[in-house]
Amino acid sequence: MDMAETAEELSGKDQVDTKPVISKRSPANQPNPRSTDVCVIKQDADPYRYSMDYPKMGICLIINNKNFHKDSGMGPRNGTDNDAAAAWKSFMKLGYEIQMYNDQTVDQMKKLFRQMSNQDHSKFASFACVILSHGEEGVIYGTDGPVSFNKLIECLKGRSCLSLVGKPKLFFIQACRGTLFDEGIEHDAKDDTSEKIPLEADFLFAYSTVSGYYSWRSTANGSWFIQSLCEMLEKFSKTLDLMQIMTRVNHKVATHFESSSNAPGFSGKKQIPCIVSMLTKDFYFPYESN
């Protein structure tokens, strides 16, 4: 780490979860179910609402990658421990069994997801996963290098994990998805004032940022996305479904944050999370879990 990076870390400034690129233009396991196994999906009285009629909410897997091998080209993600602690607290209050792992290599991450696939989830209502790491488009970094996100979680899809079929599988991903900056744009508000909103706003997995863009993380306080997620879960998990909560997360990140950095061209930037939903029902957290 050079002196500029050291000053940046100590100042608690905002950083991005990818390689720093500044152009001239801008700065205990059970075996897998066999194909003959029968998956029985519980029926709920409301066909548009996921059933919570299970003994437990499920497992929340947290992968917190902070320190990276020198050969990976990635710097340390200072501030991520704040995100990990906030996620642990929030999902535990929601009734999840937390399993957290720090500084995982690609092979270790693959092993964790295979273990989740082999797990018997028949008594669980759902599965949640929080990934805190560096990233690029379609890629998540282990401490030793990148791996395709889709390949990483493939073992949780379909017949590979029958005990999760028909149940919500929730992923919250704090990582960059490219090297574009969201400069923001001024617009006229109803009270004749103006405010800066992201260029990608107002268009509808939970990614911290839109495809192609940087994702911001304060070295002092944690990432904009995860801190906002945990705040909104705390406020609204008893009253709103998950998609409504995530819309409030979008609003919080879009309107309450703007980057502050010592690196040339990195200040004054905005961010909008991207919620990609293939959910088939409304997801409400059970009241008694809070």
Side-chain angles (χ1 to χ4, degrees), residues 28-30 32-33 37-64 84 86-101 109 112-132 149-150 152-174 205-208 225-226 229-230 232-249 273 275-290:
N29 303 336
Q30 297 188 16
N32 267 320
D37 291 344
V38 176
C39 178
V40 178
I41 303 175
K42 289 192 176 185
Q43 297 299 315
D44 193 13
D46 185 345
Y48 297 107
R49 184 166 175 162
Y50 284 108
S51 173
M52 293 291 111
D53 187 22
Y54 292 88
K56 300 178 180 179
M57 273 298 292
I59 294 171
C60 176
L61 173 65
I62 302 176
I63 298 176
N64 179 34
W88 179 298
K89 179 181 177 181
S90 293
F91 283 91
M92 179 172 286
K93 287 186 68 175
L94 293 172
Y96 284 92
E97 172 191 317
I98 310 298
Q99 296 187 19
M100 186 165 78
Y101 300 85
M109 290 197 298
L112 286 175
F113 281 103
R114 287 195 298 268
Q115 289 175 344
M116 290 299 107
S117 177
N118 292 336
Q119 172 83 37
D120 181 5
H121 300 266
S122 59
K123 294 183 178 180
F124 300 150
S126 61
F127 171 76
C129 178
V130 179
I131 299 178
L132 313 170
F149 178 66
N150 286 334
L152 190 64
I153 66 167
E154 192 172 22
C155 59
L156 292 176
K157 297 179 180 179
R159 192 169 291 280
S160 297
C161 188
L162 286 175
S163 59
L164 279 178
V165 171
K167 299 176 183 178
K169 295 164 278 286
L170 314 173
F171 292 83
F172 304 90
I173 305 149
Q174 169 57 39
F205 267 70
Y207 295 96
S208 60
F225 174 64
I226 294 298
L229 170 67
C230 293
M232 295 302 112
L233 286 173
E234 176 73 21
K235 286 184 177 180
F236 298 113
S237 61
K238 292 183 179 180
T239 56
L240 301 180
D241 82 289
L242 182 58
M243 290 303 295
Q244 290 175 301
I245 294 172
M246 296 313 300
T247 300
R248 282 157 175 76
V249 174
I275 316 306
V276 181
S277 175
M278 285 76 73
L279 295 178
T280 59
K281 301 178 183 180
D282 297 329
F283 184 94
Y284 285 89
F285 296 102
Y287 296 158
E288 61 269 23
S289 296
N290 291 269

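For the single chain, residues carry numbers from 1 onward in sequence order.
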Among residues at least two apart in sequence or on other chains, which ones pass side-chain hydrogen bond (donor to acceptor under 3.5 Å, both in side chains) with K235? E231
If you apply the rule side chain to side chain contact (heavy atoms under 4.5 Å, CB included), what do you find for F236 with R248, and how did you get there? CA-CA 9 Å; F236 298 113; R248 282 157 175 76; 3.5 Å; yes
Gap separating the CD1 atom of I245 from the OH atom of Y284, nearest 0.5 angstrom: 9.5 Å
Within the 4.5 Å heavy-atom criterion, are I173 and F225 side-chain neighbours or not? no
What I want to check is whether the side chains of D53 and S51 have a donor and an acceptor closer together than 3.5 Å. no
For the residue pair C60 and V130, establish whether any side-chain heavy-atom pair is separated by less than 4.5 Å. yes
Check: F172 and Q174 side chains under 4.5 Å, non-hydrogen atoms: no
Taking atom OG of S277 and atom CD1 of I275, what is their separation to the nearest 0.5 Å? 9.0 Å
Heavy-atom side-chain proximity of F127 to M116 below 4.5 angstrom: yes
Just jot down the side-chain hydrogen bond (donor to acceptor under 3.5 Å, both in side chains) partners of E97, sequence neighbours excluded, or say none. Q99
Contact summary for M57 and L94, nearest pair of heavy atoms: CG-O, 3.3 Å
Which heavy atom of F124 sits nearest a heavy atom of Q119, and at what distance? CE1-NE2, 4.2 Å
Closest non-hydrogen atom pair between L132 and N64, with its separation: CD1-OD1, 3.7 Å
Tell me the closest heavy-atom pair linking I98 and M92, and the distance in Å. CD1-N, 3.7 Å
Under 30°, 30 to 60°, or over 60°: which ring-plane class applies to F205 and Y207, parallel, tilted or perpendicular? parallel
Main chain of I153, side chain of K157: is a donor-acceptor contact present, judged purely on distance under 3.5 Å? no
Min side-chain heavy-atom separation F283-M52 under 4.5 Å: yes
For D241, enumerate each residue passing the side-chain hydrogen bond (donor to acceptor under 3.5 Å, both in side chains) test, keeping only those at least two apart in sequence or located in another chain. none
Got a second to check how far F91's CZ is from C129's SG, nearest 0.5 Å? 9.5 Å
When you compare the side chain of F285 with that of L233, does any pair of heavy atoms fall below 4.5 Å? yes
Counting distance only, does the side-chain N/O of K56 pair as donor-acceptor with the main-chain N or O of Y54 below 3.5 Å? no
Do the side chains of L156 and F171 get nearer than 4.5 Å, heavy atoms only? yes
Has the side chain of H121 got a donor or acceptor atom that lies under 3.5 Å from a matching backbone atom of V165? no
Taking all non-hydrogen atoms of both residues into account, name the closest pair between C155 and R114 and its distance. SG-N, 3.8 Å
Side-chain donor-acceptor contact under 3.5 Å, S126 with Y96: yes
Could you check if a side-chain atom of S160 sits within less than 4.5 angstrom of a side-chain atom of E154, using non-hydrogen atoms only? no
Spatial distance of atom CE (M232) from atom CD (Q244) [nearest 0.5 Å]: 13.5 Å
For the atom pair CE (M100) and CD1 (I63), what is the distance rounded to the nearest 0.5 Å? 11.5 Å
Nearest heavy-atom contact between I131 and F149 is CD1-CE1, 3.8 Å
